Number of protein chains: 2
Amino acid sequence: MSRKPRKDERHAQILEVLRYTPHVRIATLASRFGVTAETIRRDLDALSDQELLDRAHGGAVARPMGIQPPIDEREQATVDERRAIAHTAARLLEPGQVVMIDAGSTTTQLAWQLAANGQALTVITNSYPVARAMASSASRLILCPGDFNAREGGVFGQDTTDYLTRFHANIAFIGASGLTPEGILDVNRDAAWVKRTLISRSERTYLLVDHTKFAQTVLERVAPLSVLDGIVTDRAPSDAMTQRLERAGVAVHIATLEAIDSALSARASDTTAREDTA
Amino acid sequence: MSRKPRKDERHAQILEVLRYTPHVRIATLASRFGVTAETIRRDLDALSDQELLDRAHGGAVARPMGIQPPIDEREQATVDERRAIAHTAARLLEPGQVVMIDAGSTTTQLAWQLAANGQALTVITNSYPVARAMASSASRLILCPGDFNAREGGVFGQDTTDYLTRFHANIAFIGASGLTPEGILDVNRDAAWVKRTLISRSERTYLLVDHTKFAQTVLERVAPLSVLDGIVTDRAPSDAMTQRLERAGVAVHIATLEAIDSALSARASDTTAREDTA
DNA sequence: TAGCTAAATTGGTATTTACAACAAAAATGC
DNA sequence: GCATTTTTGTTGTAAATACCAATTTAGCTA
């Protein structure tokens, strides 16, 4: 390892700039540092290889800040599924309701959907990505106190659950690390306590999980299936699981990508296939 | 009324997409909608005119939400000043202290500096950007409850101030919209209340402001100068202001870009013999 | 239905960016 | 000191994008 302040310093400053603006142009950086565009290009390629930023034509864009560390291939692959789940879940709400939203990637998607719908809600959450998503909407946003966990992008702990008990919601949306006949499971003990509190403070509770969570047995059981009023997912669970859910009185909503597509772009493209070579 | 779903629908969807990813390419949008790149180009230009997004070569980037609109090239000039201020302010802390950090761009810079320093602190803040900056550090992070304000990227309100009174900090760092002989000023009433609480719950209070805040008279006076133990800024205030500060017992720390640069280079090559770092 | 108007496409050209190979310069190691 | 490695600059070419203007298409109105 050599000590070259030149390149490293540029790299650090590029990332610094990208914390304040989502996009920088190569020409801008080149003139700022007094180096050639080629050098900047190489810098950006290197940083892109380290997954610290994303390349764009003529520049670079900052990585989305929601939840950074755990974006593995599997997570990325199910992005569309989660959108579909969120879209379906959003329909369970009515204007004016008080809703509690758990921290998680799928629940964050739900928040974006709710913001897009434009319904005026009162949202209580422990997740900053959720708050950020809803920020521009007409809804009122109440955030919980607690110890900040960067991995989850939210707050947890005794303060969080204490604060939540002051409220009463019409409906709660929670996520989970696993779903088995035994109940709802999660890897994070603090998160589990928050989920239990959300469940106890809401009239109805819906679980949002994609199919990769089925039969995942992890650290801690959050609650039995019977606490749920419904689950929203992207594929039908196994027959055994479905029976269990039915017995526990849990409604199962299957979200399909077609539904969201047809709803969003009611009239997308004609049969004229265009040569989209990309 | 308007029965023109074509263009408007595209516009809405483009903005929708930009909420999920900070950058979209024209070619991507063109193939997605089944239209020509020219059409997308016009769409982006129109949306850019409405200031709903920013153009980039070959695509568009989402507007940053947390921070104020004008983050253009000129604004980036003050980024360096804020970095210097934050760097100087960070030296006022000692390991193990309890510190309260206000919401704001300069205080967010401070948080990044503290995280880089690696000191183990207990940080109490109402700002999500601050929390996120410190997230990877060894510090404990406590976040306040309250109503989420997207523009500031933090929480405010009665819940926030109530929660803060439960704590006692060694030192508080606050920002402001203006600084005059009358005292500290801010445009946001809720933010002003949070600042007052931070001041009252800390042994010492330091104000972090760049020189553009001097003589800015805005909505509300947060507090008189006398509540401060010091200010950290990038240029010396006017003589009249300096006298006032001195009379009020406020220490003035001037942060220079040279200081931070020399600190960086010293860190980079400290094994070599002491060379004159101009 | 015809005509009007906004929107979308098409074609052509100028500009910008990307990519790769190589040269120059600086730093590093011996 | 000299060779080696790393970094940066330069150049030429290909590709992608932007811009402009004319034409076609589609939606709407009278």
Side-chain angles (χ1 to χ4, degrees), chain A residues 1-15 18 22-50 52-61 265-278, chain B residues 1-15 17-18 21-50 52-61 73 264-273 275-277:
Chain A
M1 280 302 206
S2 53
R3 279 273 164 268
K4 313 272 190 194
R6 286 202 143 69
K7 192 172 67 167
D8 291 347
E9 178 69 11
R10 274 202 317 272
H11 286 195
Q13 286 206 39
I14 289 170
L15 294 176
L18 278 178
H23 179 261
V24 278
R25 312 199 68 143
I26 287 180
T28 305
L29 292 170
S31 73
R32 175 178 176 141
F33 295 128
V35 296
T36 313
E38 280 307 306
T39 303
I40 300 296
R41 222 183 297 282
R42 278 187 281 258
D43 288 341
L44 297 185
D45 288 340
L47 291 169
S48 177
D49 287 342
Q50 296 172 50
L52 295 171
L53 51 77
D54 287 321
R55 280 304 308 274
H57 195 96
V61 292
S265 54
R267 29 167 19 202
S269 59
D270 309 342
T271 53
T272 55
R274 189 161 302 282
E275 70 279 23
D276 49 299
T277 57
Chain B
M1 286 297 208
S2 59
R3 198 62 62 89
K4 298 185 289 187
R6 280 197 132 69
K7 194 170 65 166
D8 292 346
E9 178 71 11
R10 273 203 316 273
H11 287 195
Q13 284 207 39
I14 289 170
L15 293 176
V17 168
L18 277 178
T21 171
H23 179 261
V24 279
R25 313 196 68 144
I26 287 181
T28 305
L29 292 170
S31 73
R32 172 172 178 152
F33 296 130
V35 295
T36 313
E38 274 308 295
T39 305
I40 300 295
R41 225 183 296 280
R42 272 189 294 267
D43 289 341
L44 297 185
D45 288 340
L47 291 169
S48 177
D49 287 343
Q50 296 173 52
L52 296 172
L53 52 79
D54 287 321
R55 278 305 305 275
H57 196 98
V61 292
E73 314 299 311
L264 277 172
S265 58
R267 193 183 308 168
S269 60
D270 52 0
T271 55
T272 64
E275 197 149 332
D276 192 3
T277 55

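All values derive from a computational prediction rather than experimental measurement. Letters go in sequence order (proteins before strands), and every chain restarts at 1.
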Determine: side-chain N/O of [X] to OP1/OP2 of [N], distance under 4.0 Å, yes or no.
| X | N | answer |
| --- | --- | --- |
| A:Thr39 | D:dT7 | no |
| B:Arg25 | D:dA16 | no |
| A:Arg10 | D:dT7 | no |

Which nucleotide in the set D:dT7, C:dT9, D:dT17 lies at the smallest distance from any side-chain heavy atom of A:Lys7?
D:dT7
Rounded to the Å, how far apart are [X] [atom1] and [N] [atom2]?
| X | N | atom1 | atom2 | value |
| --- | --- | --- | --- | --- |
| A:Asp43 | C:dT17 | CG | P | 17 Å |
| B:Leu44 | C:dA7 | CG | C1' | 16 Å |
| A:His11 | D:dT7 | NE2 | C1' | 11 Å |
| B:Phe33 | C:dT9 | CZ | C1' | 17 Å |
| A:Glu9 | D:dT6 | CD | P | 22 Å |
| B:Leu29 | C:dA8 | CG | C1' | 16 Å |
| A:Ile40 | C:dT16 | CD1 | P | 18 Å |
| A:Arg42 | C:dA25 | CZ | C1' | 13 Å |

For B:Leu29, which of B:Thr39, B:Val35, B:Ile40 qualifies under side chain to side chain contact (heavy atoms under 4.5 Å, CB included)?
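Testing each of B:Thr39, B:Val35, B:Ile40 against B:Leu29, the sole residue satisfying side chain to side chain contact (heavy atoms under 4.5 Å, CB included) is B:Ile40.
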When we call it a touch if two heavy atoms are under 4.0 Å apart, what does A:Ala46 touch: a base, just sugar-phosphate, or nothing?
nothing
Identify, between B:Glu38 and B:His57, the residue whose nearest nucleotide on DNA chain C lies closer to the 5' end.
B:Glu38
Heavy-atom closest pair (B:Leu44 atom, B:Leu53 atom, distance to 0.1 Å) is O-CD1, 3.7 Å
Which pair of heavy atoms, one from A:Gly59 and one from A:His23, lies closest together, and at what distance?
CA-NE2, 4.4 Å
Presence of salt bridge, A:Asp43 and A:Lys7, under 4.0 angstrom:
no
How far does CD1 of B:Ile26 sit from CZ of B:Arg55, to the nearest 0.5 angstrom?
4.5 Å
